[in-house]
Each structure stands twice: as C-alpha cells, then as structure tokens.
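A quick write-up on the structure given underneath.
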Amino acid sequence: MRYRLALLLAVLPAPVAAQRLVPAARGAASITAADVQRRIGIIADDSMLGRATPSPQLDAVAAYVAGEFQRFGLKPGGDSGTYFQHYPLEVWRLDPESSTVRISGHTPGVWRSGQEVLLVEGQPPPGAVTGTAVVITGSADAGGALDSATVTGKVVFLGYGPGLNAIAPKVLALRPLALMLVAAFPDTIWAKLPGHAASMSVRNPNSENGPAVPAVFVVRTATAAALFAQGGVSPDSLRAWGDRPLAARPLTDVTLQVDVRGRVQHASAPNAIGILEGSDPALKKEYVLFSAHMDHIGTPSAGEGCTARGADSICNGADDDGSGTVAVIELARAFTSARERPKRSLVFMTVSGEERGLWGSAYFADHPTVPLVDVIADLNIDMVGRNSKDTVAVIGREHSNLGATLDSVAAVHREFNIKPVGDLWPQEGLFFRSDHYNFAKKGVPILFFTTGLHPDYHQVSDSPEKIDAEKEARFARLVFYLGLTVANTSQRPRWKPESYKQIVGGGN
Ligand SMILES: [Zn+2]
C-alpha cells in the first residue's frame with residue numbers, strides 16, 4: 001500500500017499557494033484534453049489495480065481527489081472537517097483449510113474446499129448446515145417439479161453450462177441450502193477458477209444486500225459421478241435441460257454437511273467531498289451537486305466480475321468511471337479559478353461502492369453533509385470518454401426542467417460541439433444504474449451524463465489510451481456552463497409532476 005501511495009503522490013503537480021483568478025469563460029476554457037488525459041492516466045493506472053471497493057488503491061485515489069480539492073481551495077465537505085466521508089463495510093474471507101463438504105455414507109466422505117470443491121460465490125451462515133441432495137434435470141419423468149418442497153433447504157446439483165444463467169435464478173429463488181455446479185472442467189480451466197485462492201465477499205451493513213446468496217460451489221463431473229451413481233442418478237441427466245420442464249431428482253440416501261468457515265473483517269470505503277461556497281448571502285444555502293464514482297471492479301480476486309484476459313488481470317476503469325471522476329475534479333478546478341463565484345454553493349463529490357451497488361452515494365443520501373432538501377440538482381457523470389465525438393446521452397432529462405435548461409445552455413455554447421441527446425440504450429435501464437438514482441428517489445432533480453456502453457465495458461481493456469480526452473474536455477466545459485446557469489438561476493429546477501410521483505412518490 002505504501003509504495004503505491006508514494007507512486008501516486010510522485011505524479012502530483014506541486015501545490016500552488018494561490019491561483020490567479022480568471023473570468024468564467026476562461027475558467028471553462030482551462031479544462032483541457034491534456035489535463036483530462038493526464039488525470040485519467042493517474043486514476044486508471046495499472047498501479048491502482050482497478051480501484052475495487054474496498055481497497056488501499058481506492059483509498060489512494062480518494063486521497064488524490066481530496067488533495068486536489070484542498071489545493072483548489074474548496075472547503076472540506078466530509079465528516080469532522082475533512083474531505084472524506086467513510087462508510088462501514090464488512091469483508092468476509094473464506095478459511096479454506098477448515099471449510100468442507102462432508103458426505104454421509106460415501107467414499108471419500110469429505111470434499112475439501114480448494115481441492116474437490118471450490119466456493120465461487122455466497123457467504124453462507126456460520127457453522128455447519130446439513131441437507132439432503134437433489135439433482136436438477138431437464139426431464140420431469142423421474143423427479144418432482146421445481147418447487148419449495150423439492151429444492152428449499154436442499155443441496156442442489158446443477159449442470160454448469162449454457163442455460164445456467166436462466167435456470168440458476170429460478171433455483172436460487174427457492175432458497176436451496178447450497179448450490180453445486182457440476183462440469184467436466186479440464187485441469188487448465190479448473191486451475192483458473194476462483195475459489196482456489198481465498199474467496200471473499202463484501203457486505204454493506206447500511207444497505208439492503210438482497211436475499212442472502214447461499215454457498216455456490218463448483219465440483220468436477222469426475223468427482224460428483226460416484227455420488228450420483230450411489231444416489232441412482234446418471235450424470236448425463238444434468239445435461240438434459242433442453243426445452244423440457246425442469247425437475248428435481250433426489251439423490252437417494254445422500255446427506256451433505258456444508259461447513260464453510262470464514263472471517264469477517266471490518267473495513268470502510270471513502271467518498272471525497274469538497275464545497276465551493278456561493279456568493280449570494282441567501283442562495284449560498286442551496287447546493288448544486290456534481291457527482292461521479294471513483295471505484296471500479298478491481299481485479300478478479302475482488303469478486304466484482306473482472307475477468308483476466310491473457311496476461312492482463314486489471315480492470316482499469318478508465319472510462320468507468322475514471323472519466324467522470326476526472327470531469328468532477330476538472331470542474332472543481334475550473335470553478336475555483338473563475339473570478340466570480342456562482343450564487344449558490346457547489347458540492348463536488350466522488351463516491352465509491354458504485355459498482356457493488358451504488359453504496360457511497362446511498363450513504364451520502366442517508367447521511368448528507370449538507371441538507372439534502374437544499375441540494376437543488378445532481379449532475380452525475382459516469383462514462384463520458386468514449387463513442388461519438390459530438391453527442392452525450394442525458395438520462396433523466398424528461399423528468400425535470402433541467403433537460404430544457406441544458407438544451408438552452410448547449411444552444412448558446414455551440415462552440416463545444418456537444419449535442420445532448422436522450423437515452424440511446426433504453427433497454428439497459430441506465431436511470432437505475434448510477435449514483436444519481438439515490439438522489440432522484442429522495443427528490444433531488446438530476447441529470448445523468450454518459451457517452452454510453454462499449455465493448456470494453458467492465459473489461460481489462462477499458463484503459464486510459466482509449467479515452468477521447470478532447471471530447472471529454474468539450475463535454476466538461478458544457479457541464480461547467482450548465483452548472484453555472486443552474487447555480488445562478490433564481491428558480492430551483494422543477495420536477496415534472498408525473499415523474500415526481502413515479503420516482504419519488506407522493507405529491508409534489
Ligand atoms: Zn461500471
């Protein structure tokens with residue numbers, strides 16, 4: 001941790017004592033492609049290991065953002081006079097040595113974690129649990145239909161292969177005791193599966209984590225075959241899904257005791273927050289919030305879905321959301337370098353835990369450091385460095401008059417050549433997939449800016465050299481003028497009443 005932090009600090013520019021103040025137009029113009037590219041190079045560098053939540057590298061990036069906020073002259077907007085807001089997490093790590101699956105009346109009588117079975121997901125309840133075994137097949141002839149009587153509380157064997165993603169949710173919804181995914185993994189694949197190294201999962205005690213996922217193991221066909229033979233089921237029946245109705249066939253006289261041991265460590269993750277106080281004695285009690293997320297999905301061991309490709313095992317997250325983080329930093333720099341401060345105050349916030357479930361923004365929304373009723377807008381920026389040169393998708397523009405405000409700002413500032421368009425990926429449900437959602441549902445009008453998805457999304461190939469920094473700089477300048485306009489307009493942004501009812505609930 002220390003040497004990575006030292007590396008990061010070494011690339012920071014030297015602190016400046018006081019900035020020369022320039023007119024607003026020059027503040028906006030000072031957002032350059034070179035600065036955008038340089039900062040993304042820092043945040044999404046391989047040494048940041050993909051900024052998983054929680055990780056020392058994520059903390060290092062938060063320290064970098066906070067250091068910049070301080071250097072720009074922003075007021076600390078976090079807890080206890082700092083630029084940080086930390087929220088608690090629990091990190092659970094498997095103890096493979098003492099974790100086993102014991103099988104009554106079978107030889108061998110134990111499958112060892114990390115050897116015969118690999119735990120790939122789930123954080124089972126502490127202590128040993130015992131259940132009878134069933135196999136999910138695609139023929140209803142010799143088994144019961146898939147229901148709570150046949151699945152709940154059982155150890156369920158399921159073929160690993162095409163169709164699993166459709167079937168697993170149906171099985172999990174019936175709350176099995178554990179799931180055993182069975183496949184004839186060759187040695188080369190088996191050796192690479194997660195679960196050999198320490199398995200881990202991260203819980204956020206402040207958020208609903210959804211129903212607990214039971215222990216999900218993988219086991220090789222060769223290992224399971226003898227058990228299936230003893231229980232009177234052919235291993236081939238696992239592959240017989242096809243279109244036939246699913247059935248649960250009990251393994252006669254087979255009882256398994258799943259004993260998964262792990263340790264819980266208390267940890268935390270940061271939000272970095274800085275405030276520029278408004279110039280108007282009354283309006284400065286209201287805030288325009290600029291947000292983006294610092295975290296990404298790390299490396300395969302973070303359990304956030306990063307998969308190695310060849311020798312590369314770091315999901316850099318240059319676009320997701322290094323680009324948004326850098327936009328927020330650059331906006332903070334541009335606003336603090338402008339001679340006239342906006343009438344309202346501005347909050348610049350980079351959050352964490354977005355990829356695990358919008359955790360940092362949810363924590364801020366529940367524990368705001370400025371009154372949330374006084375936050376008049378959230379302008380959220382997530383993935384703005386890719387795709388077409390001259391458009392940005394603006395999600396949620398139909399829900400308030402912020403969409404119209406943006407259009408008029410873009411019409412005045414045609415020089416940026418950025419056209420705000422609507423949601424280009426309506427089937428993706430993007431409105432619910434970034435941090436603005438936590439503010440929208442509490443009544444804060446929002447706009448969510450994104451240049452959208454691409455083949456490098458959540459891949460090791462979302463790397464800094466692919467960012468269109470020139471376009472991002474033009475985009476950030478446009479958001480500068482939008483923020484300035486929203487902060488200076490006497491009327492607060494207004495929800496469309498039907499949207500308010502739908503998203504926030506109640507009347508408006
Ligand atoms: Zn993401």
Side-chain angles (χ1 to χ4, degrees), residues 65 69 74 77-78 85 271-276 278 283 285-295 321 323-325 327-332 335 342 344-354 358-384 392-406 409 420 423 430-450 475-476 478-489 491-496 499-500 502-504 508:
V65 175
F69 285 174
L74 293 182
Q85 179 179 52
N271 295 330
I273 311 163
I275 296 175
L276 178 66
L283 288 178
K285 295 187 188 76
E286 295 181 342
Y287 302 85
V288 178
L289 169 63
F290 299 86
S291 60
H293 72 92
M294 297 178 281
D295 66 299
D321 185 22
S323 63
T325 302
V328 169
I329 296 171
E330 279 296 311
L331 284 162
F335 275 108
R344 289 191 179 83
S345 298
L346 308 181
V347 179
F348 300 92
M349 175 163 71
T350 56
V351 299
S352 62
E354 194 269 358
L358 313 184
W359 288 351
S361 53
Y363 190 83
F364 183 88
D366 287 341
H367 307 85
T369 57
V370 299
L372 209 59
V373 291
D374 296 327
V375 177
I376 67 156
D378 172 40
L379 306 178
N380 185 48
I381 307 172
D382 193 354
M383 299 175 68
V384 290
V392 63
V394 188
I395 315 294
R397 52 171 300 138
E398 68 278 24
H399 295 315
S400 73
N401 64 350
L402 280 171
T405 305
L406 171 65
V409 171
D423 190 346
L430 295 181
F431 184 78
F432 307 98
R433 285 175 54 183
S434 190
D435 296 298
H436 59 276
Y437 180 58
N438 282 322
F439 303 115
K441 68 186 185 188
K442 294 214 170 193
V444 178
I446 66 102
L447 288 179
F448 166 32
F449 297 96
T450 183
F475 158 77
L478 179 65
V479 177
F480 176 96
Y481 282 106
L482 172 66
L484 189 64
T485 304
V486 174
N488 284 340
T489 304
Q491 282 255 336
R492 295 170 63 130
R494 285 188 313 280
W495 282 87
K496 302 254 168 71
S499 292
Y500 187 92
Q502 180 201 338
I503 295 161
V504 192
N508 183 12

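Hydrogens, waters and symmetry mates are skipped; everything else that's a heavy atom, side chains included, is used.
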| request: Return the minimal non-hydrogen interatomic distance between Phe69 and Ala332, and the atom names on each side. | output: CE2-CB, 3.9 Å
| said: Any heavy-atom pair between the side chains of Ile275 and Val370 that's under 4.5 Å? | reply: yes
| remark: Correct closest heavy-atom pair for Val394 and Pro420 would be CG2-CB, 3.7 Å
| query | If you look at every heavy atom in Ala292 and Thr325, which pair is closest and at what distance? | reply | CB-N, 3.5 Å
| If we only count heavy atoms from C-beta on, is the Asp382 to His293 side-chain gap below 4.5 Å? | yes
| field | Any donor-acceptor N/O pair, Asp321 side chain to Met383 backbone, under 3.5 Å | value | yes
| message | Could you check whether Ser291 and Asn380, counting side-chain N and O atoms only, form a donor-acceptor pair closer than 3.5 Å? | response | yes
| note | Taking every heavy atom of Gly278 against every heavy atom of Ser345, the minimum-distance pair comes out as N-OG, 2.9 Å
| message | Out of the candidates Ile446, Ile503, Leu447, only one should pair with His399 under the side-chain contact (heavy atoms from CB on, under 4.5 Å) rule; please name it. | response | Ile503
| field | Exam field: side chain Gln85 to backbone Tyr363, donor-acceptor pair closer than 3.5 Å | value | no
| note | Closest non-hydrogen contact found for Leu430 with Phe448 is O-CE2, 3.7 Å
| Okay, side chain of Lys496, backbone of Glu398: is any donor-acceptor separation there less than 3.5 Å? | yes
| message | Donor-acceptor check, side chain of Ser434 to backbone of His436, threshold 3.5 angstrom: yes or no? | response | no
| query | Are any non-hydrogen side-chain atoms of Phe335 and Phe480 less than 4.5 angstrom apart? | reply | yes
| query | Is Ser323 reaching over with its side chain to a backbone N or O of Val384, donor-acceptor style, under 3.5 angstrom? | reply | yes
| query | Quick one: CD1 on Ile376 to OH on Tyr287, what's the gap to the nearest 0.5 Å? | reply | 12.0 Å
| field | CD1-CZ distance between Ile329 and Phe348, expressed to the nearest 0.5 angstrom | value | 11.5 Å
| said: Within the structure provided, determine whether Leu276 and Pro342 are in side-chain contact (heavy-atom separation under 4.5 Å). | reply: yes
| Can we say Asp423 and Arg397 salt-bridge, meaning some charged N sits less than 4.0 Å from an Asp/Glu carboxylate O? | no
| said: Can you confirm whether Leu289 sits close enough to Val444 that some side-chain heavy atom of one is under 4.5 Å from a side-chain heavy atom of the other? | reply: no
| Is any side-chain heavy atom of Leu478 closer than 4.5 Å to a side-chain heavy atom of Leu482? | no
| request: Provide the closest heavy-atom pair for Ile381 versus Ala327 in the form atom of the first, atom of the second, distance. | output: CD1-CB, 4.0 Å
| field | CD-CG distance between Glu354 and Asp295, expressed to the nearest 0.5 angstrom | value | 6.0 Å
| Could you give the distance from CG (Leu379) to CG (Leu402), rounded to the nearest 0.5 Å? | 6.5 Å
| said: Could you measure the distance from the CG atom of Leu358 to the OG atom of Ser352? Nearest 0.5 Å is fine. | reply: 11.5 Å
| field | For Asn271, the option from Thr350, Val65, Thr369, Val351 that meets side-chain contact (heavy atoms from CB on, under 4.5 Å) | value | Val351
| message | What verdict does the side-chain contact (heavy atoms from CB on, under 4.5 Å) test give for Val479 and Phe290, after you've listed the backbone C-alpha separation in whole Å, the side-chain angles of each residue and the deciding distance to 0.1 Å? | response | CA-CA 9 Å; Val479 177; Phe290 299 86; 4.0 Å; yes
| field | Pairwise side-chain contact, Phe439 with Leu372, heavy-atom cut-off 4.5 Å (strictly under) | value | yes
| query | Looking only at atom types and distance, does a side-chain atom of Ser499 sit under 3.5 Å from a main-chain N or O of Trp495, one as donor and one as acceptor? | reply | no
| With a 4.5 Å limit on heavy-atom distance, are the side chains of Leu406 and Phe449 in contact? | yes
| task | Would you confirm whether Arg344, through its side chain, and Val486, through its main-chain N or O, come within 3.5 Å as a donor-acceptor pair? | result | yes
| request: Kindly compute the distance separating OG (Ser400) from CZ (Arg492), expressed to the nearest 0.5 Å. | output: 12.0 Å
